[in-house]
Visitor: 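The structure is given below, and queries will be raised subsequently.
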Amino acid sequence: MPELPEVETTLRGIEPWLTQQTIDKLTIRQASLRWPVTSGLSNLVEGQTILAVRRRAKYLIIQLEHGSMLVHLGMSGSLRVVEPETELRKHDHIEMRMRNGAVLRYHDPRRFGCWLWSEGEHRQLSGLGPEPLSTGFDAERLYQLSRKRKVAVKPFIMDNNTVVGVGNIYASEALFRSGIRPGRSAGNISLKRYQVLTDHIKTVLQAAIVQGGTTLRDFVNGNGEPGYFQQTLAVYGRADQPCVSCGTLLKELRLGQRSSVFCPRCQR
DNA sequence: ACACTAACCTGCAAGC
DNA sequence: TGCTTGCAGGTTAGTG
């Protein structure tokens, strides 16, 4: 479900309900996520006030007076602010009730996400590349990092060391808009083409955020509303369908166990 | 350092 | 109808 635009959309949906509010009760119904939810977490956070909620890569950071919680949505996670009496769904693993009555629910069927506590730096955040929408991410970086690399460009731009927040959907879309085949070696792409790719990564992510993210199955923002970017997808999920630009049937291959759809005519 | 695979887990759709 | 298979938005740990 969540790539960077979906996480950003979630952040914007929940943040106004949480900032400056005090945590009344934290309930853990299923602690077995990607890593076990920190034991004793409820006692650590109840009574603390949330100073800020922010995003780094696809992580959400809930900053408290002392320490912070690091939340990742994995493949199937979502966060919603609901009315206190809202009926529990299967896979609602964690619930955080605020003193103002707002209730944040963490829902994650596949449990690839995480909800961790740290009083200092979270180790998951070290070694991450730049934010894709920041000036720290540019063509020069892609070009330099890719020299002599044989890895295909698609997994290269999906590598969190290269740049964060580019997942399978938006990597596929940005490569299509750039006319670059996903299987081309990263080291075999010119600075000029990386400039085009960089621009498209930024614009596709920005456009997806504006439209509230992509809803494939059940993604909803922090207020339960779907995203609309899936109507804009040109290649993701469209194998064997005609290219929106030239009509050639789109092809699919697997790179790093991820399906990669591209136009064999428009992308070289 | 790099390239590549398997693994974590549930739900759903397609195929038989 | 029911069973089996494969695939799904991410990331890490392990292999060679």
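As the structure is a prediction and not an experimental result, all values here were calculated from the model. Just so it is clear: chains get the letters A, B, ... in the order the sequence lines come, proteins before strands, and each one is counted from 1.
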Visitor: Rounded to whole angstrom units, what separation is found between the CD atom of A:E3 and the C1' atom of C:dT11?
Guide: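 One finds 13 Å between C1' of C:dT11 and CD of A:E3, rounded.
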
Visitor: So, OP1 or OP2 of B:dA3: does either fall under 4.0 Å of a side-chain N or O from A:K150?
Guide: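 The answer is no; no side-chain N or O of A:K150 sits under 4.0 Å from OP1 or OP2.
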
Visitor: Would you tell me if any nitrogen or oxygen in the side chain of A:N160 comes within less than 4.0 Å of OP1 or OP2 on C:dT11?
Guide: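 Checking A:N160 against C:dT11: at least one side-chain N or O falls below 4.0 Å of OP1 or OP2.
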
Visitor: How long is the gap from CZ on A:F262 to CD on A:E252, to the nearest 0.5 Å?
Guide: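 It comes to 10.0 Å.
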
Visitor: Just the rounded figure in Å: distance from P of C:dT11 to CG of A:L116.
Guide: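 These atoms are roughly 14 Å apart.
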
Visitor: Could you check which of C:dT12, B:dA3, C:dA8 has an atom nearest any side-chain atom of A:E252?
Guide: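 Taking heavy atoms from C-beta onward, the closest nucleotide is C:dA8.
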
Visitor: Closest approach to the side chain of A:R110, judged atom by atom: which nucleotide of C:dC7, B:dA3, B:dC9 is it?
Guide: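 Out of C:dC7, B:dA3, B:dC9, the nucleotide with an atom closest to A:R110's side chain is B:dC9.
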
Visitor: Heavy atoms only, 4.0 Å cut-off, all strands: where does A:S259 land among base, sugar-phosphate and nothing?
Guide: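 The residue A:S259 makes sugar-phosphate contact but no base contact.
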
Visitor: Do A:H72 and A:L33 have side chains that approach each other closer than 4.5 Å (heavy atoms only, starting at C-beta)?
Guide: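 Sidechains of A:L33 and A:H72: no contact.
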
Visitor: I need the CG-P distance between A:D92 and B:dT10, as an integer number of Å.
Guide: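 Answer to the nearest Å: 15 Å.
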
Visitor: At 4.0 Å (heavy atoms only), tell me whether A:D108 reaches a base, stays on the sugar-phosphate, or touches nothing.
Guide: nothing

Visitor: Which nucleotide in the list C:dT11, B:dC2, C:dC7 gets nearest to the side chain of A:R254?
Guide: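 Nucleotide nearest to A:R254's side chain: C:dC7.
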
Visitor: Among the nucleotides B:dT5, B:dC9, B:dG11, which one has an atom lying closest to any side-chain atom of A:Q257?
Guide: B:dT5

Visitor: Could you give the distance separating B:dC9 and C:dC3 at their P atoms, to the nearest angstrom?
Guide: 24 Å

Visitor: Between A:Y236 and A:F229, does the ring centroid distance fall short of 6.0 Å?
Guide: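 Between A:F229 and A:Y236, which both carry aromatic rings, the centre distance is not below 6.0 Å.
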
Visitor: Contact between A:R89 and A:H107 at the side-chain level, heavy atoms closer than 4.5 Å - yes or no?
Guide: yes

Visitor: Watson-Crick or G-U wobble partner for C:dG9, using a 3.5 Å limit on both distances?
Guide: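 WC or wobble partner does not exist here.
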
Visitor: Could you give the distance separating B:dT5 and C:dC7 at their P atoms, to the nearest angstrom?
Guide: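 The answer is 14 Å between these two P atoms.
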
Visitor: So does A:H91 get a side-chain nitrogen or oxygen closer than 4.0 Å to the phosphate oxygens (OP1/OP2) of B:dG11?
Guide: yes

Visitor: Could you state the CH2-P distance from A:W35 to B:dC9, rounded to the nearest angstrom?
Guide: 14 Å

Visitor: Quick one: is B:dG11 close enough that its OP1 or OP2 comes under 4.0 Å of any side-chain N or O from A:K90?
Guide: yes

Visitor: Charged N to carboxylate O under 4.0 angstrom, A:E15 versus A:R54?
Guide: no

Visitor: State whether A:K58 places a side-chain N or O below 4.0 Å from either non-bridging phosphate oxygen (OP1 or OP2) of C:dG9.
Guide: no

Visitor: If you compare every side-chain N and O of A:R34 against the phosphate oxygens of C:dT11 (OP1, OP2), does one of them come in below 4.0 Å?
Guide: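 For C:dT11, neither OP1 nor OP2 has a side-chain N or O of A:R34 closer than 4.0 Å.
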
Visitor: Measure the distance from CE on A:M75 to P on B:dG11 and round it to the nearest whole Å.
Guide: 15 Å

Visitor: Which heavy atom of A:A234 sits nearest a heavy atom of A:V244, and at what distance?
Guide: CB-CG2, 3.9 Å

Visitor: Between the base of C:dT11 and the ring of A:F112 - centre-to-centre under 5.5 Å, planes within under 30° - is that a stack?
Guide: no

Visitor: Is A:R111 near enough to B:dC8 that one of its side-chain N or O atoms lies under 4.0 angstrom from OP1 or OP2?
Guide: no

Visitor: Verify, without hydrogens or angle tests, whether A:T19 (side chain) and A:P16 (backbone) share a donor-acceptor contact under 3.5 angstrom.
Guide: no

Visitor: Please state whether the phosphate of C:dT11, meaning OP1 or OP2, lies under 4.0 angstrom from any side-chain nitrogen or oxygen of A:Y59.
Guide: no

Visitor: What is the distance from CZ of A:R147 to C1' of B:dC2, rounded to the nearest Å?
Guide: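 Computing the A:R147:CZ to B:dC2:C1' distance gives 16 Å.
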
Visitor: Give the rounded distance in Å between these two atoms: CH2 of A:W115 and P of C:dT11.
Guide: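 From A:W115 CH2 to C:dT11 P: 18 Å.
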
Visitor: Name the nucleic acid region contacted by A:R258, choosing base, sugar-phosphate or nothing; use a 4.0 angstrom heavy-atom cut-off, strictly under.
Guide: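 The residue A:R258 makes base contact.
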
Visitor: In whole angstrom, give the distance that lies between atom CZ of A:F156 and atom P of B:dA1.
Guide: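 Spelled out: CZ on A:F156 to P on B:dA1 is 16 Å.
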
Visitor: For A:S32 and A:L145, find the nucleotide of DNA chain B closest to each by heavy atoms; which residue's nucleotide sits nearer the 5' end?
Guide: A:L145

